[in-house]
Amino acid sequence: MRKKVIAGNWKMNKNVHEAEEFMKEFIPLVKDSQNEVIICAPYLDLANLVSIAKGTNVKIGAQNMHWEVNGAYTGEVSGEMLKELGVEYVIIGHSERRQYFNETDETVNKKIKAAFACGLKPIVCVGEALEERERGITREIITQQTRLALEGLDNNQVENTIIAYEPIWAIGTGKTATSEDANNSIKEIREEIGKIYGQNVASRVIIQYGGSVKSANARELFTTSDIDGGLVGGASLKPEEFSKIVKY
Ligand code: 13P
């Protein structure tokens with residue numbers, strides 16, 4: 001049985017004070033949840049969040065990292081730096097980074113390898129654009145992104161990679177993929193992993209759905225055969241609403 005992993009992606013929201021206020025309200029609301037709960041916050045919030053979350057069931061993640069350990073990369077943050085802080089997870093290859101910050105399948109692959117090298121668990125995003133969906137090439141796009149992201153990883157690393165299937169047209173739009181559609185795409189991703197790394201590995205990989213997840217649709221999505229939880233944007237900013245998603 002795969003566990004459910006519910007991660008909030010705050011994107012560029014919440015300063016240190018706001019992050020602290022959120023946690024005060026959120027931690028008690030989810031303290032009895034058996035699901036894995038992760039908050040992926042802006043870099044500046046991380047040190048404080050790690051210290052607040054210590055001893056609770058809430059884990060902390062970053063939203064990006066560089067693939068080098070250190071060096072002349074102005075403005076960047078390495079996985080080593082995150083790990084040293086006590087961060088456990090890192091989102092890699094979010095569509096907003098692919099779209100606005102030149103993230104490619106190649107840099108995604110480098111970052112995943114670097115994350116494992118320093119002991120961070122990657123949450124890797126894949127997903128098709130609306131135009132690709134309309135052209136009927138969703139399957140090609142998401143299986144190719146998955147294949148290239150995981151290239152060169154060993155079975156153990158693949159099993160420990162969380163994949164987030166986030167159709168780009170569903171992000172921040174209020175349009176959710178139907179649970180059937182999302183589950184089918186996730187099955188296709190799992191099949192692709194199975195072809196390369198074997199059924200055993202594929203059956204253990206956590207694959208989340210992301211894109212306008214809210215408390216009103218979480219249950220329907222997360223109780224399908226292959227959706228193992230969610231990567232939640234807007235609805236993760238409110239403690240009460242996000243706690244309802246965690247406890248779907
Ligand atoms: P929304 O939940 O706001 O649609 O964002 C989804 C997302 O991009 C999470 O990474």
Side-chain angles (χ1 to χ4, degrees), residues 1-65 69 77-92 94 111-112 114-125 156-157 159-164 204-210 213-215 218-219 222 227-248:
M1 251 302 258
R2 293 183 300 268
K3 64 179 172 190
K4 301 285 181 189
V5 181
I6 323 289
N9 174 10
W10 283 356
K11 308 191 179 184
M12 198 172 72
N13 292 291
K14 293 197 192 294
N15 60 30
V16 174
H17 174 71
E18 290 161 342
E20 202 168 314
E21 292 297 302
F22 174 96
M23 292 298 266
K24 268 191 217 154
E25 200 178 329
F26 181 67
I27 288 173
L29 293 173
V30 297
K31 70 174 182 354
D32 297 323
S33 174
Q34 298 305 306
N35 303 323
E36 183 96 342
V37 191
I38 309 166
I39 299 281
C40 298
Y43 289 134
L44 287 177
D45 298 343
L46 293 174
N48 202 31
L49 286 177
V50 165
S51 105
I52 296 171
K54 205 170 177 152
T56 76
N57 58 339
V58 179
K59 307 279 175 25
I60 304 301
Q63 300 170 6
N64 180 38
M65 59 174 270
V69 174
V77 168
S78 76
E80 296 280 341
M81 293 169 180
L82 297 170
K83 180 69 185 173
E84 194 260 346
L85 218 54
V87 169
E88 290 182 56
Y89 290 89
V90 58
I91 298 174
I92 292 176
H94 192 281
K111 289 179 181 188
I112 297 170
F116 278 120
C118 68
L120 289 170
K121 296 175 208 160
I123 301 174
V124 181
C125 302
N156 188 46
Q157 290 170 327
E159 274 180 30
N160 286 296
T161 301
I162 296 176
I163 295 178
R204 292 196 192 110
V205 178
I206 304 279
I207 311 181
Q208 302 172 312
Y209 167 77
V213 174
K214 41 189 185 280
S215 59
R219 187 177 177 81
F222 301 167
I227 304 180
D228 304 320
L231 184 56
V232 185
S236 74
L237 296 170
K238 299 188 198 103
E240 170 105 39
E241 169 70 1
F242 190 42
S243 75
K244 285 188 192 155
I245 296 172
V246 167
K247 298 186 283 188
Y248 68 90

### Query
So Ile162 and Lys121, side-chain contact (heavy atoms from CB on, under 4.5 Å) or not? Walk me through it.
CA-CA 8 Å; Ile162 296 176; Lys121 296 175 208 160; 5.7 Å; no

### Summary
When Ile123, Val124, Ile92 are each screened for side-chain contact (heavy atoms from CB on, under 4.5 Å) with Thr161, the one that passes is Val124

#### Entry: Val232: which of Asn9, Ile38, Ile245, Val246 passes side-chain contact (heavy atoms from CB on, under 4.5 Å)
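The option that passes is Ile245.
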
Between the side chain of [X] and the main-chain N/O of [Y], is any donor-acceptor distance below 3.5 Å?
X: Gln208; Y: Val5; result: yes
X: Glu80; Y: Cys118; result: no
X: Tyr43; Y: Leu82; result: no
X: Lys14; Y: Leu237; result: yes
X: Lys4; Y: Asn35; result: no
X: Lys244; Y: Ala218; result: no

### Query
What class does the angle between the rings of Tyr248 and Phe222 fall in, given that below 30° is parallel, 30 to 60° is tilted and above 60° is perpendicular?
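Perpendicular.
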
### Message
Walk me through whether Glu18 and Trp10 qualify under side-chain contact (heavy atoms from CB on, under 4.5 Å).
### Response
CA-CA 11 Å; Glu18 290 161 342; Trp10 283 356; over 6 Å; no

### Task
With rounding to the nearest 0.5 Å, note down the distance linking CG in Leu46 to CG in Leu85.
6.0 Å

### Query
Hey, what do you get for CZ (Arg2) to CG (Asp228), rounding to the nearest 0.5 Å?
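If we round to the nearest 0.5 Å, Arg2:CZ and Asp228:CG are 4.0 Å apart.
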
#### Entry: Test: Glu21 and Lys24 ion pair at under 4.0 Å
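Salt bridge: yes.
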
### Query
If you count the non-hydrogen atoms of other residues, nucleotides and ligands that lie under 6.0 Å from NZ in Lys238, is the total more than 12?
no

#### Entry: Ile6 and Val30: CA distance, side-chain angles, deciding distance, side-chain contact (heavy atoms from CB on, under 4.5 Å) verdict
CA-CA 11 Å; Ile6 323 289; Val30 297; over 6 Å; no

### Query
Can Gln63 and Met12 be said to form a side-chain contact (heavy atoms from CB on, under 4.5 Å), step by step?
CA-CA 9 Å; Gln63 300 170 6; Met12 198 172 72; 5.9 Å; no

